[in-house]
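Order of the sequence lines sets the chain letters (A, B, ...), proteins ahead of strands, with each chain counted from 1.
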2 protein chains.
Amino acid sequence: MDINNTLNEVLVKLFRNINTIEEKAVREGEHRDITMNDMHVMEAIGLETAKNMTSVARTLEVTTGTLTIAVNSLVKKGYVDRSRSEEDRRVVLISLSEKGRKAFLAHRKFHEDMIDAVVAELTEEEQRVLEKALIKLHAFFRETY
Amino acid sequence: MDINNTLNEVLVKLFRNINTIEEKAVREGEHRDITMNDMHVMEAIGLETAKNMTSVARTLEVTTGTLTIAVNSLVKKGYVDRSRSEEDRRVVLISLSEKGRKAFLAHRKFHEDMIDAVVAELTEEEQRVLEKALIKLHAFFRETY
DNA sequence: AAAAAATAGTTTGAACGTCAAATAATTTGA
DNA sequence: TCAAATTATTTGACGTTCAAACTATTTTTT
């Protein structure tokens, strides 16, 4: 019962705060003109080869219309490059510009630091247990909801 | 290094999923006309005595202007009662209506059920480690930002 | 090959959430 | 008393989201 309370409390607070905090981290960094949403879009585009709109929209679970608006803004701000595919001229290819890559990597570093801070306090054994627990949780959520 | 990657990935996905799930739970419940944001406002108002706009806005970390708009909608939908304070006529007092209380309690129950279901999936050791990790994560955020 | 259907993206209109700055009403304090 | 502070609302702007209408292109059917 006690652990349930702690879990509930921590989870609730974490969830409520995590977006705000991450947003702040993004805004206080070198690239202040990107929103958290922009960052999610950039993460979905990734560092690899250019992706088309539909696949990125599917990753983000938003409509392509929504993604078009986000990409318009990212292109205007210089974080994303957009071009037509030559093979299929319906397709629009998007990829991170140099600036976009830099922002992406800075954000990834923030995430890594966060994980390091958490893991630093745990023994190897505990780390393994935590990993197992989280994977279980994730599976549980996917199955149940 | 590998375990860190897994942790990061699972944590990110978990957080993203839980938000979606919670939103769905709210929308599919008895009170379908409330948004997740509405629910947060109601949680900040709480079941106790009426609160003024400024204190609730501070709890939510939004401006009073933002809160005014949210409360307008909640009053219109019948979840929140709004009245002027008699002692200080600048102050607006807000509290949950009966309908608001019902929605609040239903949401709380959802949370409790979710946590119960999650904890049931884990061994005692996993529970202990998870709790420790989450508290550490929360501390990281509080300290860093 | 022409017509129909499918696919990929964009645009539009509406709703919500947010802020900063301007405004209005009231209370406090010098 | 009257200037300053406090409390809340309004306004204007921007960001996020969706569904539905639309455009352009490719694929399939007849």
Side-chain angles (χ1 to χ4, degrees), chain A residues 15-17 19-24 26-28 31-45 50-77 79-95, chain B residues 16 19-20 22-24 26-27 31-45 50-77 79-95:
Chain A
F15 286 138
R16 197 135 321 147
N17 288 346
N19 262 342
T20 313
I21 288 160
E22 209 169 343
E23 175 121 30
K24 268 186 198 156
V26 168
R27 298 309 192 98
E28 285 167 5
H31 308 91
R32 288 166 198 247
D33 58 347
I34 44 184
T35 66
M36 206 53 226
N37 188 53
D38 287 340
M39 191 50 83
H40 287 155
V41 173
M42 288 197 273
E43 280 172 355
I45 296 173
K51 292 195 169 69
N52 63 16
M53 295 291 288
T54 302
S55 69
V56 172
R58 204 164 38 230
T59 301
L60 291 168
E61 295 179 22
V62 297
T63 63
T64 55
T66 297
L67 184 58
T68 293
I69 290 164
V71 169
N72 284 347
S73 157
L74 281 166
V75 169
K76 199 192 295 179
K77 291 188 282 198
Y79 291 93
V80 167
D81 295 331
R82 170 156 56 180
S83 66
R84 284 260 164 213
S85 161
E86 288 305 321
E87 295 90 61
D88 184 340
R89 304 205 28 78
R90 292 171 302 182
V91 171
V92 166
L93 295 171
I94 51 181
S95 55
Chain B
R16 215 156 289 168
N19 261 343
T20 312
E22 204 169 345
E23 178 119 30
K24 269 186 195 154
V26 167
R27 297 308 193 101
H31 308 93
R32 286 165 200 247
D33 58 348
I34 45 183
T35 66
M36 206 56 223
N37 189 53
D38 286 340
M39 190 51 84
H40 287 155
V41 173
M42 288 197 275
E43 282 173 354
I45 295 174
K51 292 196 170 68
N52 64 13
M53 296 290 289
T54 301
S55 69
V56 172
R58 203 164 39 227
T59 301
L60 292 167
E61 293 180 24
V62 297
T63 64
T64 55
T66 296
L67 184 58
T68 293
I69 290 164
V71 168
N72 285 346
S73 157
L74 282 166
V75 168
K76 200 192 294 177
K77 292 189 280 196
Y79 290 92
V80 167
D81 295 330
R82 170 154 58 180
S83 67
R84 283 263 164 210
S85 160
E86 288 305 322
E87 295 90 59
D88 183 339
R89 305 204 29 78
R90 292 170 304 181
V91 171
V92 166
L93 294 171
I94 52 182
S95 55

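- The closest side-chain heavy-atom distance from Leu60(A) to Glu43(A) is not below 4.5 Å.
- Residues from residues 80-95 of chain A with heavy atoms under 4.0 angstrom of DNA chain D, sorted by number: Asp88(A), Arg89(A), Arg90(A).
- You'll find the side chain of Asp38(A) reaches within 4.5 Å of the side chain of Lys77(A), heavy atoms only.
- With contacts defined as side-chain heavy-atom distances shorter than 4.5 Å, the pair Val92(B)/Arg84(B) qualifies.
- Here the closest heavy-atom approach between residue Asn37(A) and residue Ala70(A) is recorded as ND2-CB, 4.3 Å.
- A heavy-atom distance below 4.5 Å is found between the side chains of Ile34(B) and Met42(B).
- Ile69(B) comes within 4.0 angstrom of a nucleotide base, judged by non-hydrogen atoms across all strands.
- Within a heavy-atom distance below 4.0 Å of DNA chain D, the residues of residues 54-65 of chain A found are Glu61(A), Val62(A), Thr63(A).
- Close to dT17(D), at under 4.0 Å from its OP1 or OP2, lies no side-chain N or O of Thr66(A).
- Nearest heavy-atom pair across Arg82(B) and Val71(B) is NH1-CG1, 3.7 Å.
- Listed by first then second residue, pairs satisfying salt bridge (charged side-chain N to carboxylate O under 4.0 Å, His left out) with a partner in residues 62-72 of chain A number zero, not counting sequence neighbours.
- Taking 4.0 Å as the cutoff to heavy atoms of chain B, we find the contact window on DNA chain C bounded by dG17(C) to dT27(C).
- Residues that satisfy the side-chain hydrogen bond (donor to acceptor under 3.5 Å, both in side chains) test with Arg58(B), not counting sequence neighbours, are absent from this structure.
- With rounding to the nearest 0.5 Å, the separation of CE in Met53(A) from OG1 in Thr64(A) is 6.5 Å.
- Across residues 35-43 of chain A, Thr35(A), Asn37(A) each have a non-hydrogen atom less than 4.0 Å from an atom of DNA chain D (numbered order).
- We find the CG-CD1 distance between Asn52(A) and Ile94(A) to be 8.0 Å, quoted to the nearest 0.5 Å.
- The distance between atom CE of Met53(A) and atom P of dT23(D), rounded to the nearest whole Å, is 19 Å.
- Asp88(B) and Ser85(B) form no side-chain donor-acceptor contact under 3.5 Å, judged by distance and modelled atom types alone.
- Rounded to whole Å, atom C1' of dC14(D) lies 14 Å from atom CG of Asp33(A).
- Val56(B) and Lys51(B) make their closest contact through CG2-CB, 3.7 Å (heavy atoms, listed as atom of the first residue, atom of the second, distance).
- When rounded to the nearest whole Å, the span between CG of Asn72(A) and C1' of dT17(D) equals 14 Å.
- Smallest separation of non-hydrogen atoms from Leu93(A) and Ala50(A): CB-CB, 4.0 Å.
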